[in-house]
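The structure under discussion appears below in the form of structure tokens.
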Amino acid sequence: MPTPALQLHLPIELVREPTLAEYLPGPNAEAVAAVRGTASGQGEPFIFLFGPPETGKTHLLQAACLAAARAGRQAHYIPLGRPGIAPDILEALERLDLVALDDVHRIAGQPAWERAVFDLFNRLRERGRALVAAAAQPPDDLALGLPDLRSRLHWGPRYRLLPLTEPDSETLLNESARRRGIPLPPEVTRYILTHHPRNPCALLDLVARIDSLSLREQRPPTIPLVRRIMRDDAGCD
């Protein structure tokens, strides 16, 4: 039987398929282990991740869906608050094994969205399904108008994600480049760490772009090449 692919409700182009193995745990090892357990169906049914930009929340949610799909489970990743989507996008998701809701803070104060997320929590729990949610702030700091939704966000463990240190970021860059078989000279690494966001998703996407352009132009990575790529690199949270 073929393994289900990572499914996205929106036409979001992923530069690569984010994996849990790619995410360097650093100070977030406990959170990564929890996400891995939930994705496999052996962990907590509800997890809430929060933290500032550049901590890899999006990477972990997308990677959880991919891990679940590779384990033969059905999973969807949904970035809340994305223009062009409506609360009805959450309908019938309780039939899935895992739902990942990103950017929960973006729907705070919007009654229709808050009610839709609240109802989804209840339906997932009734069906014994799993949910991983992420936001910029912890549940108590979200400007939610629906108290019952805040209580649902407390159902499972909550993990504050911390930014990677500079040594961790350097390790992530070098390990990702090594896996792809491309040399990443020290001066290029230093340039990236100085001029590019350090969240895991953005760094890994950058290495993927470096690999692609280096192969296309048949030359090793240089600072000018990286600078060209970074002009178009929007990064992710």
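- Side-chain N/O atoms of His105 and Asp141 include no donor and acceptor closer than 3.5 Å.
- Ring geometry for His59 against Tyr23 counts as tilted: the plane angle lies between 30° and 60°, on a 0 to 90° scale.
- If you run side chain to side chain contact (heavy atoms under 4.5 Å, CB included) between Pro221 and each of Ile229, Leu213, Ile210, only Ile210 comes through.
- Applying the ring pair (Phe, Tyr, Trp, His ring centres under 6.0 Å) test to Tyr191 and every residue at least two apart in sequence or in another chain returns His195.
- No donor-acceptor distance shorter than 3.5 angstrom exists from the side chain of Glu91 to the backbone of Pro87, with no hydrogens or angles considered.
- Arg158 places a side-chain N or O within donor-acceptor distance of the main-chain N or O of His154, the cut-off being under 3.5 Å.
- Using modelled atom types and a 3.5 Å distance limit, the side chains of Asp211 and Ser214 yield no donor-acceptor pair.
- Evaluation of the side-chain contact (heavy atoms from CB on, under 4.5 Å) rule for Thr189 yields Glu170, Leu173, Asn174, Leu184, Leu193 as partners, not counting sequence neighbours.
- Looking only at atom types and distance, the side chain of Tyr159 has no donor-acceptor partner in the side chain of Asn28 under 3.5 Å away.
- Taking every heavy atom of both residues into account, Val35 and Leu60 meet most closely at CG1-O, 4.0 Å.
- Using a 4.0 Å cut-off between a side-chain N of Lys or Arg and a carboxylate O of Asp or Glu, Arg190 and Glu166 do not qualify as a salt bridge.
- Smallest separation of non-hydrogen atoms from Ala100 and Cys65: CB-SG, 3.7 Å.
- Ion pair Asp102/Lys57 not flagged as a salt bridge, since none of the NZ, NE, NH1 or NH2 atoms sits closer than 4.0 Å to an Asp/Glu carboxylate oxygen.
- Checked by atom type, the side-chain pair Asn122/Arg152 shows a donor-acceptor distance below 3.5 Å.
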